[in-house]
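Report on the following structure.
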Amino acid sequence: MCGIIGIVAKSEVNQSIYDGLTVLQHRGQDAAGIATYKKGKLKLRKSNGLVDNVFHTRHMLQLQGKMGIGHVRYPTAGCSSMAEAQPFYVNSPYGISLAHNGNLTNVEELKRDLFRSGLRHINTDSDSEVLLNVFADELQQMGKFRINADDIFAAMKGVFRRCRGGYAAVAMINGVGIIGFRDPHGIRPVVFGKRETGKGTEYIIASESVAIDSLDFELIRDIRPGEAIFIDKKGNLYTHQCIPDAQQNPCIFEYVYFARPDSIIDGISVVKSRMRMGEFLARKIQREWPDHDIDVVIPIPDTSRTAALEMAHELNVKYREGFIKNRYIPRTFIMPGQSKRKKSVRQKLNAIDLEFRDKNVMLVDDSIVRGTTSGQIIQMARDAGAKKVYFASAAPPVRYQNVYGIDMPAAEELIAHNRTEQQVCELIGADRLIYQDLEDLIKSCSIGNPAISEFDVSCFTGNYVTGDISTDYLNHLEKSRSDKAKQRRNAREDDNPSDEISMTA
């Protein structure tokens, strides 16, 4: 999962892009980058680290221009190489940079085709570089010295035709403008907005509406599945539905975990959907465990707070904050490597003994993926004096890999894969485990926008909405995403460290 942003303005955009990336920091903490354009020159700065560590005053002074794009990375293939920080850039045709969120599922086929048809060399393992080169290849085939909106949309039709998977992206063409687009299933989120200034209208494209709100832009709408929008350098907006029969299947995990609660994705309030998740969980407990002995409901911060509060209210049980979070530790879900993940849990959370001592505690989390964090937190609750520790997940059992841009690891590393709910309960050490029913999770989101009839829920069901995922592809993905594979890659990077990248093109 990554965060993207693009702005075309009437004044310098470097500070706005920086501020927007800090708001999107929850979507990726591995690397950050900004590219801007001014007077025939591309300015690019990217490196590993958080936004405020990557960009210092000297970098911001160099990032001049009234249009630019930015990116925060969370590596779905587990590679933390600086060479794969975004935006990516190609100088032909026109000079194009791109920032991407998601995952292409036919990337090897695309690499072969790009070399055969255009002799294009892909220098990294990132599918984002492949996506950029596909777009560049489509524009190259136009054979035009100058291009307009119609040319760009024609090229985008080629991109949609060739690329499969889940993706949302922003691309900047030097001296031309910025393009935003979304895959034909609308799996990955992206929105756009505008603001009026004394000098004219400015436009923004971002992964989540919260970035638009924070920068005082007005949300226009989500980019539709299979749609591309183009904002030229003068600030004129053009939109085109490139895939007329596109479907809308947004990733349901955005609502469960990834998106900020104050965002609205495809017309659905994230915070409201999480409130409903808590209500449905409470109803399941009332239905299946009417004589429960829960004394207190305690969330595992931060994502599960909303669901836990609604559960407690529905059950008429006390709600308490039992864990204090160290906000300077990154999200454990997106940490590569099991050993690093284990170590971080104790550094990240500390239990308040008084909230646990001699109580039957219901812990609530957004989901259970590997189970490492859940098991450690349950033990922390016992060490703090809890009599019994129950555990509730706002999501159903995660049994299958995600292939559309979320780093759910090799299937064998998912604790619920090929296991019953009771077996998972025993493995994490809970006295009782309650999972959300998939039907209730879907209702939690679809109530917010009844027009969406089908979400991407592949990590729960193994049914992939793009319909093109084979066993061979899943096996290949497993080899590249396992913790062992990540450790091997990171070891290679430690032996061959890359320098930071700051450039003027």
Side-chain angles (χ1 to χ4, degrees), residues 256-257 274-329 331-333 341-397 415-416 419-437 440:
V256 170
Y257 175 79
R274 290 176 184 170
M275 289 171 66
R276 290 188 285 266
M277 291 174 203
E279 292 171 3
F280 280 118
L281 271 175
R283 293 172 193 172
K284 182 174 183 178
I285 291 171
Q286 291 168 335
R287 185 173 62 248
E288 298 184 357
W289 190 17
D291 57 344
H292 70 80
D293 58 352
I294 303 168
D295 295 317
V296 62
V297 173
I298 294 178
I300 297 170
D302 286 318
T303 323
S304 62
R305 279 197 175 102
T306 307
L309 186 58
E310 290 303 308
M311 174 197 279
H313 177 74
E314 192 82 9
L315 293 175
N316 196 26
V317 171
K318 289 181 180 179
Y319 170 90
R320 291 288 185 270
E321 292 284 343
F323 294 104
I324 299 300
K325 180 180 178 181
N326 180 347
R327 300 187 182 280
Y328 302 98
I329 300 294
R331 301 174 90 175
T332 53
F333 179 88
R341 203 174 298 117
K342 286 181 178 179
K343 181 180 179 182
S344 71
V345 175
R346 288 282 182 174
Q347 294 175 335
K348 180 179 179 180
L349 296 176
N350 188 50
I352 302 173
D353 290 6
L354 289 174
E355 300 298 347
F356 292 91
R357 192 172 301 148
D358 299 325
K359 296 176 184 176
N360 297 331
V361 178
M362 171 61 77
L363 301 180
V364 182
D365 207 351
D366 50 76
S367 59
I368 305 171
V369 182
R370 294 172 177 86
T372 308
T373 301
S374 305
Q376 286 190 281
I377 290 172
I378 288 169
Q379 187 56 52
M380 288 171 66
R382 296 195 189 282
D383 293 343
K387 286 195 299 183
K388 293 182 179 179
V389 183
Y390 309 123
F391 203 95
S393 167
I415 194 170
R419 291 191 178 99
T420 65
E421 293 181 17
Q422 182 56 38
Q423 288 173 323
V424 175
C425 181
E426 293 170 1
L427 281 171
I428 65 175
D431 291 297
R432 188 164 187 146
L433 174 62
I434 297 94
Y435 273 113
Q436 185 84 266
D437 291 335
D440 287 341

| said: Is there a side-chain contact (heavy atoms from CB on, under 4.5 Å) between Val424 and Phe391? Walk through the geometry before answering. | reply: CA-CA 11 Å; Val424 175; Phe391 203 95; over 6 Å; no

Do the side chains of [Y] and [X] get nearer than 4.5 Å, heavy atoms only?
X      : Y      : answer
Leu433 : Ile368 : yes
Leu354 : Arg320 : no
Arg305 : Glu321 : yes
Glu288 : Ile434 : no
Val317 : Met362 : no
Gln379 : Asp383 : yes
Leu349 : Thr373 : no
Arg370 : Ile415 : no

Can you tell me how far apart [atom1] ([X]) and [atom2] ([Y]) are? Round to the nearest 0.5 Å.
X      : Y      : atom1 : atom2 : value
Glu421 : Arg432 : CD    : CZ    : 11.0 Å
Lys348 : Gln376 : NZ    : CD    : 11.5 Å
Tyr435 : Asp440 : OH    : CG    : 16.0 Å
Met311 : Met277 : CE    : CE    : 12.5 Å
Phe280 : Ile285 : CZ    : CD1   : 14.0 Å

To check you understand the geometry: which heavy-atom pair defines the closest contact between [X] and [Y], and what is its length?
X      : Y      : result
Glu310 : Glu279 : OE1-OE2, 3.4 Å
Asp366 : Ser393 : O-OG, 3.9 Å
Ile298 : Glu355 : CD1-O, 3.9 Å
Gly371 : Ile428 : O-CG2, 4.0 Å
Leu315 : Ala282 : CD2-O, 3.6 Å
Leu363 : Val361 : CD2-CG1, 3.6 Å

With a 3.5 Å distance limit and no angle check, can you tell me whether [X] reaches the backbone of [Y] through a side-chain donor-acceptor pair?
X      : Y      : result
Asn360 : Ile294 : no
Gln436 : Ala395 : no
Arg419 : Leu427 : no

| message | Assess whether a salt bridge exists between Asp437 and Lys284, defined as any Lys/Arg side-chain N lying under 4.0 Å from an Asp/Glu carboxylate O. | response | yes

| Residues Lys388, Asp293: salt bridge by 4.0 Å N-O rule |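 A salt bridge is present here (some side-chain N lies under 4.0 Å from a carboxylate O).
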
| NE2 of His313: more than 12 outside heavy atoms within 6.0 angstrom? |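 Incorrect, the count does not exceed 12.
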
